[in-house]
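One structure is given here, and the rest of the page talks about it.
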Protein chains: 2
Amino acid sequence: MSLTHAILGLLTITPMTGYELKTQAFDNTIKYFWQADQAQIYRTLSAMAEQGWVESTLEIQEDRPNRKVYHITEAGLEELRRWLHTEQPLPVHRDPFLVQMFFAGQLDSATVLNHIARQRAAHQALLEQYKQLPVPPLNDPDLDHSRLFWRLTLEMGITTEKTYLDWLDQCEAAVREMIEANAQNPSANPWLKDSKA
Amino acid sequence: MSLTHAILGLLTITPMTGYELKTQAFDNTIKYFWQADQAQIYRTLSAMAEQGWVESTLEIQEDRPNRKVYHITEAGLEELRRWLHTEQPLPVHRDPFLVQMFFAGQLDSATVLNHIARQRAAHQALLEQYKQLPVPPLNDPDLDHSRLFWRLTLEMGITTEKTYLDWLDQCEAAVREMIEANAQNPSANPWLKDSKA
DNA sequence: TTTCATTATATGATTTTACATATACAATAA
DNA sequence: TTATTGTATATGTAAAATCATATAATGAAA
């Protein structure tokens with residue numbers, strides 16, 4: 001599975017604790033292409049340590065919990081390199097909102113517009129977060145190999161969110177148009193319910 | 001979970017067997033926002049039948065296996081309506097290729113270009129498949145409520161794939177540029193390995 | 001002729017993901 | 001003062017997803 005390899009890759013950048021992997025790497029940086037649960041990260045780290053792909057050193061701290069800093073081993077590097085050469089399957093799409101929209105013909109228009117607005121806000125927030133990530137732009141002279149790919153994948157996250165927002169706007173427009181069309185149609189149907197407000 | 005509600009929704013269109021749900025609905029139509037395994041569909045249908053949300057009638061066939069045609073019940077319709085009113089969480093992104101690209105600085109450029117080309121072909125194929133789905137376009141007068149939302153979600157699938165293809169092209173261009181830049185740089189690094197061909 | 005694809009349902013086993021909760025101390029906020 | 005947030009690791013459990021395989025008939029292809 002790719003979580004293992006995402007972690008292996010991250011540990012080539014710098015040794016990290018499970019907590020840092022979660023809060024700095026996954027939640028802030030690469031969540032637009034791989035999301036991971038905290039519990040899953042810790043358990044995967046244990047499994048990887050058993051495999052011999054990572055090792056940890058305990059850092060004793062006084063005022064806060066001890067840190068288990070993981071670093072990648074030679075075997076881990078080898079596994080990462082092997083995996084990096086393999087062809088990857090297509091992404092799995094599972095978007096519950098799109099399921100909802102697919103069947104939104106069964107909802108009144110006001111509810112649909114409300115759903116759209118909420119999703120819009122959530123995606124907008126994501127986009128803002130991605131935009132603030134400190135990765136040099138494509139035309140930056142500091143863009144070395146690694147950073148080039150970080151920027152490219154970040155661009156993907158940003159573009160995806162922009163596309164999503166555009167689509168939500170398109171949906172809203174289409175729904176409003178449909179409301180108009182129905183308002184002029186005397187054989188009014190229940191779809192208009194509440195939506196005149 | 002949304003698989004249940006995707007199935008409930010699909011059964012409001014027409015009664016179907018598990019096989020039809022898989023081959024016609026999921027694999028052909030809505031896989032760009034909800035993918036489902038065959039085994040999972042059958043098991044979910046069983047669970048839904050126990051819940052009382054669907055019922056099945058057995059259609060005896062002579063030359064092929066009998067069909068278990070599921071239809072939605074009143075309780076199922078109620079559950080679907082309830083769910084359609086709830087707010088949905090953001091989509092979960094898990095794209096192993098993007099993980100690979102994030103760490104592609106550790107690969108030689110020829111391998112990266114090869115990976116990109118393969119993904120491109122796969123996404124191109126998906127796009128072609130989506131384009132051929134028989135859903136009336138947005139400006140079609142036959143576009144009723146249901147079909148409007150089918151078209152909107154399909155537009156999302158198409159747009160997403162187009163965006164992905166554009167991004168892959170951008171990646172390819174960036175990698176080729178990086179190759180150029182490195183070729184002129186005498187402090188050649190292993191990244192160029194094999195990529196001069 | 002044997003293998004493969006299609007139609008159709010189903011189970012076993014495993015892996016992956018998700019959700020909840022526990023511990024523990026410090027600092028900050030209500 | 002009490003509650004919450006941040007740092008840090010971990011387990012229990014359940015749900016969901018994946019992969020493999022079984023059955024069984026027909027028809028087509030190698």
Side-chain angles (χ1 to χ4, degrees), chain A residues 1-7 15-28 30-31 33-51 54-70 83 88-96 99, chain B residues 1-7 15-28 30-31 33-51 54-70 83 88-96 99:
Chain A
M1 61 145 166
S2 292
L3 177 56
T4 304
H5 301 100
I7 292 176
M16 270 184 273
T17 68
Y19 188 77
E20 287 167 335
L21 279 166
K22 173 61 176 167
T23 56
Q24 267 128 70
F26 283 96
D27 282 358
N28 267 305
I30 65 177
K31 73 160 170 223
F33 56 79
W34 205 274
Q35 278 159 258
D37 185 75
Q38 173 261 137
Q40 206 192 343
I41 291 173
Y42 279 101
R43 269 193 265 249
T44 302
L45 280 170
S46 299
M48 290 165 74
E50 271 188 53
Q51 276 275 327
V54 296
E55 281 167 0
S56 63
T57 49
L58 196 65
E59 262 183 33
I60 312 293
Q61 298 193 123
E62 266 151 46
D63 51 349
R64 36 200 67 202
N66 296 333
R67 289 153 43 88
K68 243 171 131 173
V69 183
Y70 285 89
W83 180 81
Q88 297 306 311
L90 289 176
V92 173
H93 295 290
R94 280 202 191 92
D95 188 341
V99 176
Chain B
M1 61 146 168
S2 293
L3 177 58
T4 304
H5 301 100
I7 293 176
M16 270 184 273
T17 68
Y19 189 77
E20 286 167 335
L21 278 166
K22 172 62 176 163
T23 56
Q24 268 129 71
F26 283 95
D27 283 358
N28 269 304
I30 66 177
K31 72 161 170 220
F33 58 78
W34 205 273
Q35 277 159 258
D37 186 76
Q38 173 261 137
Q40 207 192 343
I41 290 173
Y42 280 101
R43 269 193 265 249
T44 302
L45 280 169
S46 298
M48 290 166 74
E50 269 187 54
Q51 277 275 328
V54 296
E55 281 168 0
S56 63
T57 49
L58 197 65
E59 263 184 30
I60 312 295
Q61 297 193 121
E62 266 151 46
D63 50 350
R64 33 201 68 203
N66 296 334
R67 290 153 41 88
K68 242 171 129 172
V69 184
Y70 286 88
W83 179 82
Q88 296 307 311
L90 289 176
V92 172
H93 295 290
R94 279 203 192 90
D95 188 341
V99 176

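By convention in this document, chain letters (A, B, ...) are assigned in the order of the sequence lines, proteins followed by strands, and residues within each chain are numbered from 1.
Counting heavy atoms from C-beta outward, B:I7 and B:F26 have side chains that approach closer than 4.5 Å. At a threshold of 4.5 Å between non-hydrogen side-chain atoms, the residues A:I30 and B:V99 do not count as touching.
Under 4.0 angstrom from either OP1 or OP2 of C:dT9 there lies at least one side-chain N or O belonging to B:Y42. When the side-chain nitrogen and oxygen atoms of B:R94 are compared with OP1 and OP2 of C:dT17, one or more of them lie within a distance under 4.0 Å. In this structure, B:K68 reaches the C:dA10 phosphate: one of its side-chain N or O atoms is under 4.0 Å from OP1 or OP2. The phosphate of C:dT9 has OP1 or OP2 within less than 4.0 Å of a side-chain N or O from B:T17.
Rounded to whole Å, the distance from CG on B:N66 to C1' on D:dT26 is 15 Å. Rounded to a whole Å, the CE atom of B:M48 is 12 Å from the P atom of D:dA16. Whole-Å rounding puts the B:K31 NZ to D:dA17 C1' distance at 18 Å. The distance from atom CZ of B:F26 to atom C1' of D:dA17 is 13 Å, rounded to the nearest whole Å. Between A:L3 atom CG and C:dT17 atom P the separation is 6 Å, expressed in whole Å. The distance from atom NZ of A:K22 to atom C1' of C:dT17 is 12 Å, rounded to the nearest whole Å. Rounded to a whole Å, the NE2 atom of B:H93 is 17 Å from the C1' atom of C:dT17. Note: CG (B:L58) to P (C:dA10) measures 9 Å, nearest angstrom.
Checking D:dT18, C:dA8, D:dA17 against every side-chain atom of B:Y19, the shortest atom distance belongs to C:dA8.
Each of B:V92 and B:R67 has a nearest nucleotide on DNA chain C; the 5'-most of these lies closest to B:R67.
With sequence neighbours left out, the side chain to side chain contact (heavy atoms under 4.5 Å, CB included) criterion links B:N28 to B:Q129.
The shortest heavy-atom contact between B:K22 and B:A36 is NZ-O, 2.7 Å.
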Report all interatomic pairs (protein N or O, nucleotide N or O of nucleotides 19-24 of chain C) with separations under 3.5 Å.
none

Evaluate side-chain contact (heavy atoms from CB on, under 4.5 Å) for A:R67 paired with A:E20, printing each intermediate quantity in order. CA-CA 10 Å; A:R67 289 153 43 88; A:E20 287 167 335; 3.1 Å; yes

Are B:K31 and A:H93 close enough, and set up right, to give a side-chain contact (heavy atoms from CB on, under 4.5 Å), and what steps lead you there? CA-CA 7 Å; B:K31 72 161 170 220; A:H93 295 290; over 6 Å; no

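Side-chain atoms of A:Y19 do not come within 3.5 Å of backbone N or O of A:Q24 as any donor-acceptor pair.
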